[in-house]
Amino acid sequence: MTTQEILIQAKESKTALMLADAGRRNTALLKMADALVKPEHMARILEANRRDLEAARGTISDVMLDRLMLDEARIAGMAQGIREVAGLEDPVGKVLSEIVRPNGMTIQKKSVPMGVIAIIYESRPNVTSDAAALAVKSGNACVLRSGKEAWQSCHAIVEAMQVGLEEAGMPRTAVNLIEDTSRVSANELMTAEGFIDLLIPRGGKGLIRSCVEHATVPCIQTGTGICHIYVDEAADLPMALRIVENAKTSRPSVCNAQEVCLVHKDIAARFLPMLREALCSRREEMGVQPVELRLDTDAAAYIDGTAAGEADFDTEFLDYILAVKIVDGVEEAIEHINQHSTGHSEAIITKDQKAAEQFTAAVDSAAVYVNVSTRFTDGGEFGLGCEMGISTQKLHARGPMGLAELCTYKYVICGDGQVR
């Protein structure tokens with residue numbers, strides 16, 4: 001089908017989603033989850049993913065291949081994620097505020113679905129089920145456009161979920177996958193006025209910039225994540241090391257992974273050798289990929305590493321690379337972060353409450369942590385269910401985009417004959 005034909009069918013299905021009550025939408029989600037793990041569907045998804053991996057191997061990094069790879073456990077996790085969304089509070093129809101005017105007229109501000117949500121994403125097949133689940137739960141039809149590396153996997157996932165939708169008596173076109181993975185289809189979605197009510201790009205800096213610059217439909221700017229951790233002079237250094245190691249190495253290819261480590265000058269002589277031992281020497285001994293440390297001039301005086309270039313503090317590496325800089329204190333850390341951050345997630349490691357309060361007040365990012373890894377910036381970890389993306393802008397959503405952020409509102413006014 002052409003992109004235009006898919007947009008037409010998505011628009012036609014949105015009324016059914018808007019009118020479906022919470023019970024019916026939850027039933028559809030449970031059927032979608034069950035369909036993913038049916039043996040015949042799982043076999044098709046795994047075979048499609050095998051073909052995607054075979055085609056991508058040698059053209060993308062090992063880290064990105066891991067994002068692309070599916071196995072039975074990951075598919076089961078996707079199904080469980082859908083079930084968890086079904087168990088969340090229904091966001092549709094909430095009365096956000098109510099005013100009774102002196103003339104007896106009642107004005108309610110009510111939460112309602114957006115309508116049709118389009119998501120452009122790259123090589124993460126699990127985004128397919130996450131996005132579909134959140135859209136259906138919030139009463140929206142969705143149009144998914146994956147990257148070419150993951151298309152066969154995403155197609156098999158969507159086909160399975162459409163079976164579940166039909167079993168629940170919902171239109172299969174509530175969840176749609178664009179068949180064209182060229183830039184042409186992306187441009188069509190960006191300019192689909194009258195069909196797309198909200199566009200959400202999930203991917204690299206280039207994709208997000210393109211959507212923000214060229215979209216004529218409402219667009220959310222989601223997160224490239226140049227995430228910082230500042231290790232303060234009052235930090236518990238063993239705790240700081242655990243947090244930095246987790247934030248950098250647990251899954252370096254995701255947007256909430258740490259890319260920059262800022263270290264207070266008064267603890268640099270103690271902390272930097274600990275950092276190098278944990279991220280480099282110990283990982284080499286364990287036979288896993290060490291982290292390449294890209295050091296500013298001051299940090300290079302304490303440990304060996306690669307000299308940091310000008311761009312290294314403005315790069316989302318998505319790899320086993322960490323830029324390291326020594327700062328004079330919390331004020332310089334804040335200044336550096338606000339200058340170089342993408343507004344995603346930042347953390348301070350400190351036992352000094354005053355420094356923590358200064359950091360959280362002054363750092364202008366969507367998520368600001370004290371003594372916690374940045375890896376928690378995630379809809380599931382925030383108790384929101386899976387998320388549609390991490391918004392790094394301030395209107396209308398910021399941070400993990402859960403169900404509430406996929407709704408807008410309308411005013412419903414009731415009276416008994418009032419005229420003006």
Side-chain angles (χ1 to χ4, degrees), residues 221-250 252 254-272 274-275 278-279 291 293-296 298-299 302 308 312-317 322-379 381-384 390-394 397-400:
Q221 184 169 340
T222 62
T224 49
I226 301 178
C227 302
H228 299 73
I229 293 180
Y230 165 56
V231 183
D232 186 47
E233 62 177 331
D236 177 323
L237 297 190
M239 179 176 71
L241 193 64
R242 289 195 306 273
I243 290 172
V244 170
E245 187 170 13
N246 174 263
K248 180 68 257 182
T249 67
S250 62
V254 293
C255 61
N256 56 27
Q258 179 192 7
E259 304 291 19
V260 179
C261 186
L262 304 175
V263 181
H264 193 288
K265 64 180 181 180
D266 290 346
I267 54 110
R270 286 179 290 151
F271 182 71
L272 289 179
M274 296 168 61
L275 182 70
L279 298 187
V291 175
L293 301 178
R294 296 193 180 173
L295 311 173
D296 80 338
D298 292 334
Y302 294 101
D312 285 327
F313 292 99
D314 293 294
T315 298
E316 185 185 30
F317 299 112
L322 181 66
V324 182
K325 178 180 176 64
I326 293 178
V327 294
D328 288 339
V330 66
E331 293 84 2
E332 187 181 352
I334 291 167
E335 182 182 357
H336 178 93
I337 290 169
N338 286 341
Q339 181 179 350
H340 296 274
S341 171
T342 53
H344 194 295
S345 301
E346 329 296 344
I348 181 173
I349 315 301
T350 188
K351 293 184 288 185
D352 182 340
Q353 184 63 26
K354 185 178 179 181
E357 290 172 357
Q358 183 178 358
F359 188 88
T360 57
V363 168
D364 190 22
S365 293
V368 185
Y369 294 86
V370 178
N371 298 328
V372 182
S373 169
T374 58
R375 287 281 286 109
F376 284 94
T377 308
D378 175 272
E381 297 296 336
F382 277 22
L384 305 174
I390 308 294
S391 171
T392 55
Q393 63 184 47
K394 300 180 182 180
R398 195 178 197 192

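Keep in mind the model is a prediction, meaning the values are calculated, not measured. Numbering of residues begins at 1 and proceeds along the displayed sequence.
Heavy-atom neighbours of E381 CD from other residues, nucleotides or ligands within 6.0 Å: above the threshold of 12.
In this structure the side chain of D378 never reaches within 4.5 angstrom of the side chain of P400, judged on heavy atoms. In this structure, the side chains of I326 and L272 come closer than 4.5 Å at one or more pairs of heavy atoms. Residues V368 and F359 are in side-chain contact: their nearest non-hydrogen atoms beyond the backbone lie under 4.5 Å apart. Contact of the L279 side chain with the L293 side chain is registered, since non-hydrogen atoms from C-beta on lie closer than 4.5 Å. Counting heavy atoms from C-beta outward, R375 and V254 have side chains that approach closer than 4.5 Å.
In this structure, K325 NZ and L295 CG are separated by 12.0 Å, a value rounded to the nearest 0.5 Å. Between the OG atom in S373 and the CZ atom in R242 there is a gap of 11.5 Å [rounded to 0.5 Å]. Residue L322 holds its CG atom at 8.0 Å from CZ of F317, rounded to the nearest 0.5 Å. Annotation: the span from Y302 atom OH to R270 atom CZ amounts to 11.0 Å, rounded to 0.5 Å. Taking CD from E316 and OG1 from T224, the interatomic distance works out to 5.5 Å, rounded to the nearest 0.5 Å. From D352, atom CG reaches atom CD of E233 across 7.5 Å, with rounding to the nearest 0.5 Å.
For the residue pair Y369 and F376, the shortest heavy atom distance occurs at OH-C, 3.1 Å. Taking both residues in full, the closest heavy atoms of A240 and F271 are given as CB-CE1, 3.9 Å, listed atom of the first, atom of the second, then distance. The two atoms that bring D296 and A299 nearest to each other are OD1-N, 2.8 Å, heavy atoms only. For the pair I349 and D236, the tightest heavy-atom approach, listed with the atom from each and the gap, is CG2-O, 4.5 Å. Scanning both residues, A366 and S391, for their nearest heavy atoms gives CB-O, 3.8 Å. Of all heavy-atom pairs spanning A347 and V372, the tightest one is CB-O, 3.6 Å.
Of the possible polar contacts, one joining the H264 side chain to the D328 backbone as a donor-acceptor pair under 3.5 Å is found. With Q221 contributing its side chain and T392 its backbone, the two residues share no donor-acceptor pair below 3.5 Å. Under a 3.5 Å cut-off, the side chain of D312 and the backbone N or O of A323 do not form any donor-acceptor pair. Checking side-chain atoms of T350 against main-chain N and O of D232 turns up no donor-acceptor pair under 3.5 Å. A side-chain donor-acceptor contact under 3.5 Å links T342 to the backbone of I226. Remark: the backbone N or O of S345 is not paired with any side-chain donor or acceptor of S365 at under 3.5 angstrom. Put simply, the side chain of T360 gets close to the backbone of E357: a donor and an acceptor are under 3.5 Å apart.
Using cut-offs of 30° and 60° for the angle between ring planes, the H336 and F313 rings count as perpendicular.
Among R294, K248, H340, H228, the single residue meeting the side-chain hydrogen bond (donor to acceptor under 3.5 Å, both in side chains) criterion with E259 is K248. Here the options are N338, I348, V330, the test is side-chain contact (heavy atoms from CB on, under 4.5 Å), and the partner is V363; only N338 passes.
Using a 4.0 Å cut-off between charged nitrogen and carboxylate oxygen, D364 and R398 count as a salt-bridge pair.
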| query | Can you list the steps and then say if L262 with I337 is a side-chain contact (heavy atoms from CB on, under 4.5 Å)? | reply | CA-CA 9 Å; L262 304 175; I337 290 169; 3.8 Å; yes
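In this model, a donor atom of one side chain and an acceptor atom of the other lie less than 3.5 Å apart for S341 and E346.
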